[in-house]
Every structure is written in C-alpha cells, then in structure tokens.
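Bear in mind that the values here come from a model prediction, so they are computed numbers and not experimental data. Order of the sequence lines sets the chain letters (A, B, ...), proteins ahead of strands, with each chain counted from 1.
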Number of protein chains: 2
Amino acid sequence: MALGVGEHMLDSSRADILEAAAHCFMERGYSATSIDDVARRLGATKGRIYHHYSSKSDLFADVFRFGMEMNYKAIEPLRHSREKAVERWRKMAFVHVVQMITKRQFQRVVWEGVEMHLRGATTPEQRTVFADLIGSRARYSDVFRDLLAEARDDGDMAFGNLGITNQLVFITLNSPIFWYSPRAGETEGYIREIARQIVSFAMHGLGMKEGNP
Amino acid sequence: MALGVGEHMLDSSRADILEAAAHCFMERGYSATSIDDVARRLGATKGRIYHHYSSKSDLFADVFRFGMEMNYKAIEPLRHSREKAVERWRKMAFVHVVQMITKRQFQRVVWEGVEMHLRGATTPEQRTVFADLIGSRARYSDVFRDLLAEARDDGDMAFGNLGITNQLVFITLNSPIFWYSPRAGETEGYIREIARQIVSFAMHGLGMKEGNP
DNA sequence: TTGACAACATACCCGGTAGTATGTTCATCA
DNA sequence: TGATGAACATACTACCGGGTATGTTGTCAA
C-alpha cells in the first residue's frame, strides 16, 4: 500500500490529497483556496486533510516539495551527460518545459511559493519550512544558470548579464503554466512541438550560433 | 483640485487610495489584502475607501484600469510612427518594459487581474466589470502582436506560431514585475540599461536580423 | 474476541474581514 | 448664518474559514 517516492514514503491517500490541493491552489491561488475546497474536490471533509497535515501552509509546502521532486527527477538523467553545455542545456530546458505543461498544477504552486517568499508573505514559522524549499528551487535554477555560463565560455552562446538573462530564460520556459490550456485530445507530439518552439525562442534569445536540427 | 486623467477626473484623494491599494495588492495579492491593510497604509480607516469605492473588487478594478491607462499613454506617441514595424515594435517594447519597472505596483495588479479572469475566479457581477478591462488589456496585447506579424511579413523577424510567440515575448517583457527589486539610488540610466537587455533578448528570440545599434 | 490504533467524519469555536449604519467635521453657498 | 452635503471616522454585524475536539468505523495483531 505504500509507494516509494524519493526519500520519504507517500501512501496513495496522501497522493490524492496532493493532487486535489495542487488543482485548487492552481485555480484559485493559496489564500483564496480553503481547506474545505480541497476536501470537496476529494469528496471528503476537512478531517481527512488535517489527519495528514497540521496546517494549510504545511499542505501547501508539501505540494511545493512534490513539484520540485518531479523537476529534479525529470532532468536528473541529463545533468551529467558528456555533451557540450549548450546541448545539455537545450535538452534539460526541453524536459523542463514539458514538465511545466504536463504537471501544471504542481508547477503553479511552486511558482506561487517562490512569490510568497519573495514578497515576505510568510510567518516566521513558515519561513523555516519554506527555506528548504526555496533553497531547493534556487539550486535547481542554478543548475541551468551554470550551464549558461559554461556555454557562453564555450562560445556557443552570447548574452549580457548572466543573472538577468537567467531570469528571462527561466520565465520564458515557465510561461506555459500561465497561458497553456489543455486541449481535448492533445497528443504528446502536440505538447512536444510547443515545447520545441519555446526552447527555440529561448535559445535564440541566448544568442546561440546554430538553429534547431 | 481636480486633475484630468484620461477621460474621467481623478481627484488627489482617489489617487492616493489607488497608490496605496496598488502597493498592498502587489505585496500580498488580492485576496490576502484586506481593506484595512490599504487604509492602514493610508493612515486612514475603511470609511475613506468605502466612500470612494463600493467594494473591494471595485477598488481592484480601478487600480487595474489606471494601470492600463498608463500603458496606453506610454506607447501612444509611438504607435503611428512611420518607421518600419520592427522598429516601432522595438521602441514600444522598450517603453513597455520601463513601465513594468517604474510602475510595478500597478502592473502587478494588471497581471493578477488577467490571472483572476483566466482562472474564472470572479463572481458573475465582477465579470461584467472585468470584461472591459480584460478587453482593454487584450487590445493592448494585440497592438504588439500585429506589429510582430507585420515585421515578419517585412522579413525583419522569423518565428513560429504567432500566438505562442507573442505570449513568450509578452511574458519576457513583463517579467521585471516579478524579479526586479528597486535598488537604493537607482538611476534612470540603470533602469534603461536593464530594459535594453530585456528587449535585446526578446528581439533575438524573435529571430531579428540586426543587432542593437 | 477484543482492544488498540489508523483513518477518517462531525460538530464546534473563534478570529479576521467585507460590508453597513451612523456619527462628526468642515467647507461652500444661498 | 445656517443649512446642506462631501469627506471622512467610529462602531457594529454577519459570515467565512482555519483550526480543534470529539465521535465513528474498519482493520489487524495478540
């Protein structure tokens, strides 16, 4: 009955709660979402949620954590490839965008979590819990940033300020969480085609030398 | 005592409320911001706000409207220039980005307003009020999109799907509302330099033929 | 078979917040 | 000058939503 996910176990009931919570948070945002909303979507009551989570922010944090776990897993096989930096970046960016589209609920929560932290809209207790998650997210971002730097050193990219550029690129890659709306009968190929266009836009913005094969 | 702004008059008391509301909404988001928060920032009480606005969503809508008014004013002088589309786009994009940085409070509200509409997180009454604003924002976006199409026809740009591309570009140009943080002693030149980098990134993403002079 | 505990549901409390109803003050104009 | 209304402040209500305290049911181990 227990499914291994990452380092901690995640029973199926918790997984259902996470999925429902992610959807609610995506549709209404953190503060506009009530615990009862999440419970209603589950066809359950508050009791179920508070049996697994001690607070609303705790639930939110776990959705955040789960979303980041997905991201790390998605890029992990590509991180230590022996290809050139520019090529590693391209492939990682691609799977990242696919993640943004296919796991939209969780990625929206990650986004809002970062926002909440930037705005300081967290209580002192929350900040310690959030610190780990924000750190995880920052390191994830750094993986991409470091590759950008390496690719520029290789002469495969040309851009101005590294920090600003990474922000621009990351927003571009993340943007589907805002404007993508799932079509009935969308194929995997359709999604990959959109991802390809996004990555292509980003790579041109990064001043790459070569087009898409 | 009345300052003409656009088509309707805006007395200074209302302007102060708008400014305070924009800051609060930027820092905490719509639903996490209480009317008392806005009043507190004004050094006043609810009474003052409810004297001018009939509801919280009404206040929010007016901040939205004011933000869009600023945007239209900023690009107006450039819209009907006789330059080529690519050049008009570049200049309009530049002033747009400067707006995003210098009027960050209001632009965040515009963003959240669009978000709320996309998520359908509005009551039926609100939707009619919002409809105008969303329409205004859509037409604003179309101004840029049409220029992209024209520039592509001119052979000055090269990109894939027009709709997706415009989304990517617009997110890129808007992105400072998320990551820009005002520095003590920031100069106008500093801001313009950042805007230049953003526009440069976007133009490369759009497959332009020529670099920045 | 029973008792102990996990996994919920039910019922309740209470603080915060949108909105309202009612003062209070000051300027303007007949 | 006094009456009227704009521009607020004060005081209050009603409700929603986070959190808790307690009840109920099924399961499993001894």
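- As rounded to whole Å, 19 Å separates atom C1' of C:dG19 from atom CZ of B:F60.
- Across all strands shown, B:S57 has no heavy atoms under 4.0 Å from either base or sugar-phosphate atoms.
- For the pair A:G47 and A:I35, nearest-nucleotide mapping onto DNA chain D gives the more 5' position to A:I35.
- A:F106 and A:F66 have their aromatic ring centers within a separation under 6.0 angstrom.
- In this entry the distance linking CG of A:L59 with C1' of D:dG17 reads 15 Å, nearest Å.
- Nearest nucleotide to the side chain of A:K46, out of C:dC8, C:dG19, D:dG19: D:dG19.
- Aromatic ring centroids of A:W111 and B:F178 lie under 6.0 Å apart.
- Side-chain N/O atoms of A:S13 include one lying less than 4.0 angstrom from OP1 or OP2 on C:dC8.
- The nearest whole Å value for the distance from the CD1 atom in A:I49 to the P atom in C:dA7 is 15 Å.
- Listed nucleotides: C:dC8, D:dC8, C:dA18. Nearest to the side chain of A:R48: C:dC8.
- As judged by a 4.0 angstrom heavy-atom cut-off over every strand, B:S31 is placed among residues making no nucleic acid contact.
- Side-chain N/O atoms of A:H52 include none lying less than 4.0 angstrom from OP1 or OP2 on C:dA6.
- Aromatic pair B:F159/A:H204: ring centres not closer than 6.0 Å.
- Closest approach to the B:H51 side chain among C:dA7, C:dG19, D:dA6 is made by D:dA6 (side chain taken as heavy atoms from C-beta onward).
- Out of D:dC8, C:dT20, C:dT10, the shortest distance to the side chain of B:Y50 is found at C:dT20.
- Comparing B:T45 and A:D36 by the nucleotide of DNA chain D whose heavy atom lies nearest to each, the residue mapping closer to the 5' end is B:T45.
- The residues A:E87 and A:R90 are annotated as salt-bridged, a charged nitrogen and a carboxylate oxygen being separated by less than 4.0 angstrom.
- Taken from CD1 in B:I17 to NE2 in B:H51, the straight-line distance is 9.0 Å, to the nearest 0.5 Å.
- Not a single donor-acceptor pair, N or O on each side, falls under 3.5 Å between the base of D:dG17 and the side chain of A:K56.
- Atom OH in A:Y53 sits roughly 13 Å away from atom P in C:dA7 (whole-Å rounding).
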